[in-house]
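Written below as structure tokens is the structure these notes are about.
In what follows, chains are A, B, ... by sequence order, proteins preceding strands, each numbered from 1.
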Amino acid sequence: MVAPRYWLLKSEPEEFSFDDLWRAPRRTTAWTGVRNYQARNYLRDELAVGDGVLFYHSSSDPSGVAGVARVVRAGYPDPSQFDAAEAGHDPASARAAPRWFAVDVRAEQKVAEFVSLERLRGEPRLASMGVLRRGNRLSVQPVSGAEWKLVLALAGLS
DNA sequence: GCCAACGTTGGC
DNA sequence: GCCAACGTTGGC
């Protein structure tokens, strides 16, 4: 049994919010459209079924953690890269050697209290969280077990 | 392989 | 809307 691991996934709520996920069939969605190699590597190689997910609203007012989700399907080729109608279409990616990957995530708990970026910054023990680092743009980030616990506590979840 | 130009992200 | 940070592209 591998220890559970934790991640932070960013989404712009105007595109897809935690409430959108909550209302989705089986509260589940395919996390597609990631087009950054470092994030791709995490999706393809690291995220495992059962891993915890902090659902982070970016480019939002306020930005912050809106919910908790879980990985329910590990990395698989992102279908949107092969679809000419999709914004994430990548003509250079071949089905035999896909370049981009997706996972499926299921919403698990709404936060009792939204954890704003300001609130995250106010917790010294979260100072090393990736999402707080200046210039950070990575949309898939690992979260430590200690950070996970703290953020859930700030969110009013057990 | 270098690096300038360009595009994107995301907080403010 | 601005702009810092940073990834990608392409000329050389």
Legend entry - Over all atoms of both residues, closest heavy-atom pair of A:V143 and A:M129: CG2-CE, 4.3 Å
Legend entry - side-chain hydrogen bond (donor to acceptor under 3.5 Å, both in side chains) partners of A:R35, counting only residues at least two apart: A:D78, A:S80
Inset, instruction - List in chain and number order the residues that pass ring-ring contact (aromatic ring centres under 6.0 Å, His included) with A:Y37, two or more places apart in sequence or in another chain; answer none if no residue qualifies. - result: A:W100
Legend entry - Nucleic acid contacts of residues 115-130 of chain A, taken as heavy-atom distances under 4.0 Å to DNA chain B: A:L117, A:R121
Legend entry - Listed once per pair and sorted, the side chain to side chain donor-acceptor pair (under 3.5 Å) pairs that draw on residues 21-31 of chain A, sequence neighbours left out: A:D20-A:R23
Inset, instruction - May I ask you to evaluate whether A:Y56 reaches the phosphate of B:dG11, defined as a side-chain N or O under 4.0 Å from OP1 or OP2? - result: yes
Inset, instruction - Could you state the atom-to-atom distance from CZ of A:R40 to C1' of C:dG7 in whole Å? - result: 14 Å
Inset, instruction - Apply side-chain hydrogen bond (donor to acceptor under 3.5 Å, both in side chains) to A:E123 and list each qualifying residue two or more places apart in sequence or on a separate chain. - result: none
Inset, instruction - Respond yes when some side-chain nitrogen or oxygen of A:K10 is under 4.0 Å from OP1 or OP2 of B:dG10, and no when none is. - result: yes
Legend entry - Spacing between A:Y37 atom OH and B:dT8 atom P, to the nearest angstrom: 15 Å
Legend entry - A:V111 versus A:A155, closest heavy-atom pair with distance: CG1-CB, 3.6 Å
Inset, instruction - With sequence neighbours excluded, give me every side chain to side chain donor-acceptor pair (under 3.5 Å) pair touching residues 108-120 of chain A. - result: A:R70-A:E108
Inset, instruction - Please list, chain by chain and in numerical order, all residues satisfying side-chain contact (heavy atoms from CB on, under 4.5 Å) with A:A92, sequence neighbours excluded. - result: A:D90, A:R99
Inset, instruction - Could you tell me which residues satisfy ring-ring contact (aromatic ring centres under 6.0 Å, His included) with A:Y42, sequence neighbours excluded, listed by chain and number? - result: A:W7
Legend entry - Partner set under salt bridge (charged side-chain N to carboxylate O under 4.0 Å, His left out) for A:E147, not counting sequence neighbours: none
Legend entry - A:H57 NE2 to B:dG11 C1', straight-line distance once rounded to whole Å: 16 Å
Legend entry - DNA chain B-proximal residues of residues 78-105 of chain A, any heavy atom under 4.0 Å: none
Inset, instruction - Applying side-chain hydrogen bond (donor to acceptor under 3.5 Å, both in side chains), name anything that partners A:S93, two or more places apart in sequence or on another chain. - result: A:Q81
Inset, instruction - Identify which nucleotide among B:dG10, C:dG7, B:dG11 has an atom closest to any side-chain atom of A:S63, counting heavy atoms from C-beta outward. - result: B:dG11
Are there any protein N/O atoms within less than 3.5 Å of an N/O atom in nucleotides 2-5 of chain C, and if so, which ones and at what distance?
from, atom 1, to, atom 2, distance (Å)
C:dA4, O3', A:R134, NH2, 3.0
C:dA5, OP1, A:R134, NE, 2.8
C:dA5, OP1, A:R134, NH2, 3.1
C:dA5, N3, A:R137, NH1, 3.3

